[in-house]
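Positions are given from 1, in the same order as the sequence printed here.
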Amino acid sequence: QVQFVESGGGLVRPGGSLRLSCAVSGGIFSLEIMGWYRQAPGKQRELVAGITTGGALNYADSVKGRFTVSRDNTHNMVYLQMNSLKPEDTAVYYCNSVRDAATWSPLYGYWGQGTQVTVSS
């Protein structure tokens with residue numbers, strides 16, 4: 001079973017930065033499209049950013065120009081660099097494999113523990 005372990009969240013002031021990491025195990029990472037998702041209180045989980053096996057990128061409009069997704073196939077890691085953070089970025093962030101690059105929906109029906117990002121002054 002593929003497992004996801006997210007880390008790197010925290011409390012940051014508006015305008016600050018954080019770098020999230022996701023360690024993936026149990027699958028063939030280099031063959032997986034990967035995505036970062038987030039869920040804010042009272043809201044549905046949404047795609048934030050994704051990266052294909054070939055390095056093509058996809059971002060939610062709300063984070064374009066501020067967030068950067070990357071992957072390290074040698075170490076089975078995916079990262080999310082978040083700059084110019086806003087209070088509306090506050091959420092629990094998760095990674096998951098992606099079903100396809102058309103829908104960017106998560107492949108697996110389970111999630112890691114996520115990492116909390118709180119943007120507040």
Side-chain angles (χ1 to χ4, degrees):
Q1 183 176 3
V2 179
Q3 294 184 326
F4 309 100
V5 179
E6 302 90 349
S7 62
L11 173 63
V12 63
R13 295 184 184 276
S17 297
L18 284 173
R19 187 190 192 215
L20 306 185
S21 300
C22 174
V24 183
S25 61
I28 305 177
F29 179 78
S30 61
L31 300 182
E32 303 274 1
I33 304 172
M34 295 301 303
W36 280 99
Y37 300 81
R38 69 185 179 187
Q39 187 167 21
K43 295 188 176 181
Q44 288 191 333
R45 198 169 346 228
E46 61 176 356
L47 176 75
V48 175
I51 182 167
T52 69
T53 56
L57 308 177
N58 182 43
Y59 295 100
D61 288 343
S62 59
V63 307
K64 282 180 181 177
R66 300 188 298 121
F67 290 12
T68 303
V69 60
S70 61
R71 64 190 297 160
D72 178 351
N73 288 343
T74 299
H75 297 99
N76 292 4
M77 298 289 294
V78 61
Y79 303 99
L80 186 67
Q81 177 67 43
M82 307 187 297
N83 299 327
S84 302
L85 282 160
K86 304 176 180 180
E88 51 264 43
D89 295 318
T90 295
V92 180
Y93 285 70
Y94 305 86
C95 67
N96 205 318
S97 301
V98 173
R99 183 173 301 278
D100 57 69
T103 65
W104 291 92
S105 58
L107 178 61
Y108 298 106
Y110 57 86
W111 301 86
Q113 85 286 352
T115 187
Q116 175 72 48
V117 172
T118 302
V119 185
S120 175
S121 55

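To the nearest 0.5 Å, atom OG of residue Ser7 and atom OH of residue Tyr79 are 9.0 Å apart. The distance from the OG atom of Ser105 to the CZ atom of Arg45 is 13.0 Å, given to the nearest 0.5 Å. The distance from atom CG of Leu80 to atom CD of Glu6, rounded to the nearest 0.5 Å, is 11.5 Å. Here the CG atom belonging to Asp100 is positioned 12.0 Å from the OG1 atom belonging to Thr52, to the nearest 0.5 angstrom. Remark: Phe67 CZ to Trp36 CH2 distance equals 11.0 Å, nearest 0.5 Å. Taking OG of Ser97 as the reference point, atom CG of Leu31 lies at 10.5 Å (rounded to 0.5 Å).
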Worksheet item: Between Val24 and Cys22, does a side chain to side chain contact (heavy atoms under 4.5 Å, CB included) hold up when you go through it step by step?
Response: CA-CA 6 Å; Val24 183; Cys22 174; 3.9 Å; yes
Practice prompt. Take Val78 and Glu32 through the side chain to side chain contact (heavy atoms under 4.5 Å, CB included) test and state the conclusion after the steps.
Written response: CA-CA 11 Å; Val78 61; Glu32 303 274 1; over 6 Å; no
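In this structure the side chain of Pro106 never reaches within 4.5 angstrom of the side chain of Arg99, judged on heavy atoms. Contact of the Arg38 side chain with the Leu20 side chain is not registered, since no non-hydrogen atoms from C-beta on lie closer than 4.5 Å. Thr90 places a side-chain heavy atom less than 4.5 Å from the side chain of Gln116. Counting heavy atoms from C-beta on, the side chains of Met82 and Asp89 never come closer than 4.5 Å.
In terms of heavy atoms, Ser84 sits closest to Arg66 at O-NH1, 2.9 Å. For the pair Val69 and Gly50, the tightest heavy-atom approach, listed with the atom from each and the gap, is CG1-O, 3.5 Å. In this structure, Leu107 and Asn96 approach most closely via the heavy-atom pair N-OD1, 4.1 Å. Nearest heavy-atom pair across Ser17 and Asn83 is OG-OD1, 2.9 Å.
Residues Val117 and Tyr59 share a hydrophobic cluster, clusters being chains of Ile/Leu/Val/Met/Phe/Trp/Tyr side chains in contact below 4.5 Å. With hydrophobic clusters built from ILVMFWY side chains whose heavy atoms lie under 4.5 angstrom apart, Val5 does not share a cluster with Met34.
Within 6.0 Å of the CD atom in Glu88, the count of heavy atoms belonging to other residues, nucleotides or ligands exceeds 12.
Checking side-chain atoms of Tyr110 against main-chain N and O of Gln3 turns up no donor-acceptor pair under 3.5 Å.
Under 3.5 Å, the side chains of Thr68 and Gln81 contain no donor-acceptor pair of N or O atoms.
The side-chain tip of Arg71 points at the ring of Phe29 from less than 6.0 angstrom away and within 45° of straight on.
Between Lys64 and Asp61 there is a salt bridge, since a side-chain N of the basic residue sits under 4.0 Å from a carboxylate O of the acidic one.
Hydrophobic clustering, defined by side-chain heavy atoms of Ile, Leu, Val, Met, Phe, Trp and Tyr closer than 4.5 Å, groups Tyr37 together with Ile33, Leu47, Val92, Tyr94, Val98, Trp104, Trp111.
Checked options Thr118, Val63, Val12; the residue passing with Leu85 is Val12 (criterion: side-chain contact (heavy atoms from CB on, under 4.5 Å)).
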